[in-house]
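Encoded as structure tokens, the structure appears first; notes follow it.
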Amino acid sequence: MIKSVFFDMDDTIYDTSGFAAIARRAAVKSMVHNGLKCDEDTGYEHLMEIVKEKGSNYDKHFNLLTKEFNGEEDPLIIVNGIITYHNTKFAMLKLEPESFSILLYLKSKGYKVGLITNGKEVKQWEKLVRLGVYPFFDDVVTSERVGVEKPDPQIFKIAMGRLNVSAGTSVMVGNNFDVDIMGACNCGMRSMLINSEITPEQQELLDEKGYSVEVLDSLIDLMKIL
């Protein structure tokens with residue numbers, strides 16, 4: 001019997017991929033307008049190279065971009081990039097259409113609801129507060145806080161331990177096959193994939209390991225399953 005449902009955050013309960021590119025382009029445009037010595041397309045291409053190299057949680061992307069083109073870290077240009085990025089990002093921040101409904105449903109049915117997310121704790125909490133959904137979660141586990149990232153099974157075990165539930169009574173819902181799904185499966189949790197498809201290679205891996213993964217068309221599908 002399922003007693004708890006754990007969710008990934010980015011691209012699971014809200015859309016992040018779409019607005020990230022728009023926010024970064026807007027930031028570069030503002031930086032060029034304020035003195036970054038390149039055109040917008042070139043600046044954006046180099047910013048994405050920095051993001052790829054340093055990771056999305058690195059906090060000095062704009063510093064490196066400014067130093068690359070201007071030879072120094074100009075604070076005026078950097079701050080314009082940061083402010084424009086965050087203003088654009090939060091203006092576009094919105095829940096997936098079904099997220100509020102499914103969270104309300106799960107709580108009304110007495111399920112324990114948790115969040116397991118890789119990333120900076122303050123950044124992830126800011127999203128939850130801005131989206132207005134943090135009261136629905138009984139616990140939030142961030143990789144920064146516990147010192148281990150998905151897909152390491154340990155982070156799933158920590159999350160289950162904090163809610164006093166077992167793998168046999170828990171479900172993990174996420175959009176990333178390697179990070180969310182395989183991590184959960186490897187510690188014995190039931191797994192559900194959302195906003196993504198299972199490739200033939202991934203299905204072959206599942207069959208090899210004897211894992212079964214359900215693919216959801218929308219979060220509302222959980223109402224039919226739980």
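Every value quoted in this text rests on a predicted model; they were computed, and no experiment measured them. Numbers here simply count residues along the sequence, with the first being 1.
Using a distance-only test at 3.5 Å, with no hydrogens or angles considered, a donor-acceptor pair links the side chain of Thr12 to the main chain of Asn175. Between the side chain of Ser143 and the backbone N or O of Glu149, no donor-acceptor pair lies under 3.5 Å. His61 places no side-chain N or O within donor-acceptor distance of the main-chain N or O of Ile82, the cut-off being under 3.5 Å. Counting only distance, with no hydrogens or angles, the side chain of Asn195 and the backbone of Asp11 share a donor-acceptor pair below 3.5 Å. Distance alone, capped at 3.5 Å, is enough to place a donor-acceptor pair between the Ser108 side chain and the Tyr105 backbone. A side-chain donor-acceptor contact under 3.5 Å links Ser170 to the backbone of Ser166. Between the side chain of Glu53 and the backbone N or O of Ile50, no donor-acceptor pair lies under 3.5 Å.
At a threshold of 4.5 Å between side-chain heavy atoms, the hydrophobic network of Ile, Leu, Val, Met, Phe, Trp and Tyr places Ile2 and Phe156 in two separate groups.
Sequence neighbours left out, the pairs with a member in residues 105-116 that pass salt bridge (charged side-chain N to carboxylate O under 4.0 Å, His left out) are Lys107-Asp138. Residue pairs meeting the salt bridge (charged side-chain N to carboxylate O under 4.0 Å, His left out) criterion with at least one member in residues 174-201, sequence neighbours excluded: Lys150-Asp180, Arg190-Glu214. Among residue pairs with one or both ends in residues 67-78, none qualify as salt bridge (charged side-chain N to carboxylate O under 4.0 Å, His left out); sequence neighbours excluded. Residues in residues 30-52 take part in these salt bridge (charged side-chain N to carboxylate O under 4.0 Å, His left out) pairs, two or more places apart or across chains: Arg25-Asp41.
Screening Leu47, Leu36, Thr84, Ile77 against Phe62 for a side-chain contact (heavy atoms from CB on, under 4.5 Å) leaves a single residue, Leu47.
When only modelled atom types and interatomic distance are considered, Asn34 and Asn80 share a side-chain donor-acceptor pair under 3.5 Å. Defined by atom type and a distance below 3.5 Å, a donor-acceptor pair is missing between the side-chain atoms of Gln154 and Lys157. Between Lys127 and Tyr14, the side chains place a donor N or O and an acceptor N or O closer than 3.5 Å (distance only, hydrogens not considered).
The CZ atom of Arg162 lies 10.0 Å from the CD1 atom of Ile116; values are rounded to the nearest 0.5 Å. Here CG of Asp10 is found 6.5 Å from CG of Asp8. Values are rounded to the nearest 0.5 Å. Expressed to the nearest 0.5 Å, how far NE2 of His46 lies from OG1 of Thr42 amounts to 6.0 Å. The CZ atom of Phe7 sits 6.5 Å away from the CZ atom of Phe137 when rounded to the nearest 0.5 Å. In this structure, CG in Leu206 is found 8.0 Å from OG in Ser212, a value given to the nearest 0.5 Å. Summarising the geometry, atom CG belonging to Leu103 is positioned 10.5 Å from atom CG belonging to Leu131; distances are rounded to the nearest 0.5 Å.
Geometric assessment of Arg24 against the ring of Tyr44 yields a negative cation-pi assignment under the 6.0 Å and 45° thresholds.
Residues passing the side chain to side chain contact (heavy atoms under 4.5 Å, CB included) test with Glu144 are Lys120, Glu121, Thr142, sequence neighbours excluded.
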Pair up each side-chain donor or acceptor in residues 217-226 with any protein partner under 3.5 Å, not counting sequence neighbours, and list the distances.
from	atom 1	to	atom 2	distance (Å)
Ser218	OG	Ile220	N	3.3
Asp221	OD2	Asp217	N	2.8
Asp221	OD2	Ser218	N	3.3

